Amino acid sequence: AQSVTQLGSHVSVSEGALVLLRCNYSSSVPPYLFWYVQYPNQGLQLLLKYTTGATLVKGINGFEAEFKKSETSFHLTKPSAHMSDAAEYFCAVSDPGTGRRALTFGSGTRLQVQP
Amino acid sequence: DAGVIQSPRHEVTEMGQEVTLRCKPISGHNSLFWYRQTMMRGLELLIYFNNNVPIDDSGMPEDRFSAKMPNASFSTLKIQPSEPRDSAVYFCASSFLARGRANYGYTFGSGTRLTVV
């Protein structure tokens, strides 16, 4: 069975600082990987995804993530945090086969950006 | 494209009452997913449909919960009778799943915040 672990339920950074949100997965085969962002009182919005090909993927709002198979990781980064980045971020996985076709989500990381 | 539309946005009901949540997926999407979000348990998959057929309902908490998808453009999640522990935000999401292909990600609705008092 797949699982997703997000290290750190809360991360606080200063405006302009590097953002690093950690995600590790457990899967018998390399899964498809996703990052979603949730702003207060809203649904989840897709930031970026990795399916196949280039392991460094770029998403919206300046975020990017790198799939590292050897580390079973898919950490989310942004070089310079902006106040508008404050939100909750969810990592998710999907079985690339046809077994479980629903996404499995991590527990989320709430990002605070200090002025 | 209006996105995934959920109604109502907020629902407050008394314990024991029936609650019906509604979802309209994106046109052309063939799969629909219901999730529940709570502080304690995070995002939990309740059920998902493919081509209007329930595929995996193992996440439905108990018999008080039921979901239907009578056609490609509408789904309901019903709780009868409702209990305070059902208070949560319920999300609907849709996607297009091609035969033999994995899930490339969903589009979520804005959710329904349910409070059972």
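Throughout, a chain's letter reflects where its sequence line sits, starting with A, and its residues are numbered from 1. Small disclaimer: the values here were computed from a predicted structure and weren't measured.
In this structure, the portion of B/Gln37 lying under 4.5 Å from any heavy atom of chain A is its side chain and not its backbone. The contact between B/Arg113 and chain A is made entirely by side chain atoms (from C-beta outward), counting heavy-atom distances below 4.5 Å.
No more than 12 heavy atoms of other residues, nucleotides or ligands sit less than 6.0 Å from atom CZ of A/Arg22. Atom CE of B/Met39 has 12 or fewer neighbouring heavy atoms from other residues, nucleotides or ligands inside a 6.0 Å radius. Within 6.0 Å of the CG atom in B/Asn71, the count of heavy atoms belonging to other residues, nucleotides or ligands exceeds 12. By the 6.0 Å contact criterion, CD on B/Glu14 is open, its count of non-hydrogen atoms from other residues, nucleotides or ligands being 12 or less.
In plain terms, the two heavy atoms of B/Tyr35 and A/Leu103 that are nearest each other are OH-O, 2.7 Å. The two residues B/Leu45 and A/Ala102 have their closest heavy-atom pair at CD2-CB, 3.4 Å. Here the closest heavy-atom approach between residue B/Tyr106 and residue A/Tyr36 is recorded as N-OH, 2.8 Å.
Ranking B/Gly111, B/Ser110, B/Gly42 against chain A, the residue ahead of the rest is B/Ser110, based on heavy-atom pairs under 4.5 Å.
Linking Ile, Leu, Val, Met, Phe, Trp and Tyr residues whenever their side-chain heavy atoms come within less than 4.5 Å places A/Val19 and A/Leu76 in a single cluster. Residues B/Leu32 and B/Tyr90 are members of one and the same hydrophobic cluster, defined by side-chain heavy-atom contacts under 4.5 angstrom among Ile, Leu, Val, Met, Phe, Trp and Tyr. When the side chains of ILVMFWY residues are joined at heavy-atom separations under 4.5 Å, either directly or via intervening members, B/Phe74 and B/Val4 end up in two distinct hydrophobic clusters. A continuous path of ILVMFWY side-chain contacts below 4.5 Å connects B/Ile47 to B/Leu114, so both sit in one hydrophobic cluster. Hydrophobic clustering (side-chain heavy atoms under 4.5 Å, transitive across Ile, Leu, Val, Met, Phe, Trp, Tyr) groups B/Ile55 together with A/Tyr32.
The interface of residues 41-62 of chain A with chain B, defined by heavy-atom distances below 4.5 Å, comprises A/Asn41, A/Gln42, A/Gly43, A/Leu44, A/Lys49, A/Thr51. Contacts between residues 76-86 of chain B and chain A, counted as heavy-atom pairs separated by less than 4.5 Å, involve no residue at all. Within residues 17-25 of chain B, no residue approaches chain A closer than 4.5 Å by heavy atoms.
With rounding to the nearest 0.5 Å, the separation of CD in A/Gln38 from CG in B/Leu43 is 7.0 Å.
Hydrophobic side-chain contacts under 4.5 Å tie B/Met40 to no other Ile, Leu, Val, Met, Phe, Trp or Tyr residue.
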